[in-house]
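Both ligands and their constituent atoms are indexed starting at 1 by order of listing. Everything numeric in this text was worked out from a predicted model, so none of it was measured.
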Amino acid sequence: MILVTTAGKVGTEAVLTLAAREARVRVLTRHPDKLDALAAAGAEIAVGDLDDPSGIDRAMVGISTVLLVSPAVPAQELNVVAGAARAGVGHVVKVSSKASADSPIARRRGQTEIEAGLIASGLPHTVLRPNAYMQNLLALAPAIAATSSFGSAAGKGRIGMVDARDVGAVAAQIAASPAGHAGRTYHLTGPELISNYDVAEVLSQIVGRSITYRELSYEQNLAALVRAGVPEPIAVMNAQAFSLIAEGDAEWLSDDVPSLLGRPARSFARFAADHAAAFS
Ligand SMILES: NC(=O)c1ccc[n+]([C@@H]2O[C@H](COP(=O)([O-])OP(=O)(O)OC[C@H]3O[C@@H](n4cnc5c(N)ncnc54)[C@H](OP(=O)(O)O)[C@@H]3O)[C@@H](O)[C@H]2O)c1
């Protein structure tokens, strides 16, 4: 049985992929009422909070592999690692990012702390390092639909943007057959480097009207995120990440998605077409 913690963008896709393969899969959530589709697909739903080790322990019963994917709060993910070690789990697949102990971005320093805890646990594990998710654009979709424009501090920076569905598919594949993946790190990207100007052009074609992109300063981007309701600590980390993109931080590609899945990574045009209604 595979445990997926939690049912966000990547976890949901991984659960659906595993259930479609008739793998036994359980998903940890604090909001079971939101997961009817996953239950209908055949997943077991375990109710728990990442802040509560006892709920994690209940979810670990009978688990051979854990897919660890959540907002990367160190105390929460280290609770999962400790629970996996107590339960004698055989393998952990950890969705991480550009982890770095001296990053200006707290989330990346947190990822380093989590990965260190995973190493210290002695559990066999695989680390996934995706580039930025295409699905991040969905948070801007209502504004794009209403104003036909969007802004970011990412400047003209190019991004090897990846579809979170591909990250979920890779995570599911490794979780279903972890042999040979222990100790490995995979870098997950889409097939091309695109800037937000390219994003605007693709979206314009998809929705049939002009969508424009505005370059924002860090301060403008931070203020816009806070106005949109993003909690300030997260808005700070996101605006910092966008500013680094302007300096080339996300300008990297890898063949790991096609190598692992045996098919091309989804393009941004594919993603935009699949989500046309959200931007229209
Ligand atoms: N976004 C990107 O561009 C990007 C790029 C590279 C790597 N990553 C990494 O990807 C990971 C995040 O994956 P994701 O984007 O798939 O996540 P996500 O969509 O943000 O989903 C996070 C899930 O965690 C659940 N959750 C939050 N707090 C919880 C708690 N205390 N107990 C139980 N569940 C809780 C949320 O559910 P509820 O709130 O409904 O309970 C939500 O379903 C992070 O490690 C991040 O660094 C992201």
Verify, without hydrogens or angle tests, whether N221 (side chain) and Y218 (backbone) share a donor-acceptor contact under 3.5 angstrom. no
Pairing of R263 and D166 as salt bridge, 4.0 angstrom limit: yes
E115/K94 salt bridge by N-O under 4.0 Å criterion: no
More than 12 heavy atoms of other groups within 6.0 Å of E201 CD: no
Tabulating one pair per line, provide the atom names and distances (0.1 Å) for every N/O atom of ligand 1 that is less than 3.5 Å from a protein N/O atom.
| unit_1 | atom_1 | unit_2 | atom_2 | d |
| --- | --- | --- | --- | --- |
| ligand 1 | 1 (N) | N136 | OD1 | 3.1 |
| ligand 1 | 3 (O) | Y133 | N | 2.9 |
| ligand 1 | 3 (O) | N136 | ND2 | 2.7 |
| ligand 1 | 8 (N) | Y133 | OH | 3.3 |
| ligand 1 | 10 (O) | Y133 | OH | 3.0 |
| ligand 1 | 15 (O) | K9 | NZ | 3.2 |
| ligand 1 | 16 (O) | K9 | N | 3.2 |
| ligand 1 | 16 (O) | V10 | N | 2.9 |
| ligand 1 | 19 (O) | K9 | N | 2.9 |
| ligand 1 | 19 (O) | K9 | NZ | 3.0 |
| ligand 1 | 24 (O) | T6 | OG1 | 2.8 |
| ligand 1 | 28 (N) | R30 | NH2 | 3.3 |
| ligand 1 | 31 (N) | D49 | OD1 | 3.0 |
| ligand 1 | 31 (N) | Q76 | NE2 | 3.4 |
| ligand 1 | 32 (N) | L50 | N | 3.0 |
| ligand 1 | 39 (O) | R30 | NH2 | 3.0 |
| ligand 1 | 40 (O) | H31 | ND1 | 3.1 |
| ligand 1 | 40 (O) | K34 | NZ | 2.6 |
| ligand 1 | 41 (O) | R30 | NE | 2.6 |
| ligand 1 | 41 (O) | H31 | ND1 | 2.9 |
| ligand 1 | 43 (O) | A7 | O | 3.4 |
| ligand 1 | 43 (O) | G8 | N | 3.3 |
| ligand 1 | 45 (O) | S70 | O | 3.3 |
| ligand 1 | 45 (O) | V95 | O | 3.4 |
| ligand 1 | 45 (O) | Q111 | NE2 | 2.9 |
| ligand 1 | 47 (O) | Q111 | NE2 | 2.8 |

Parallel under 30°, tilted from 30 to 60°, perpendicular over 60°: which one fits the rings of F150 and Y213? tilted
Apply salt bridge (Lys or Arg N to Asp or Glu O under 4.0 Å) to D249 and R108, showing your working. CA-CA 13 Å; D249 182 66; R108 294 186 181 179; 3.0 Å; yes
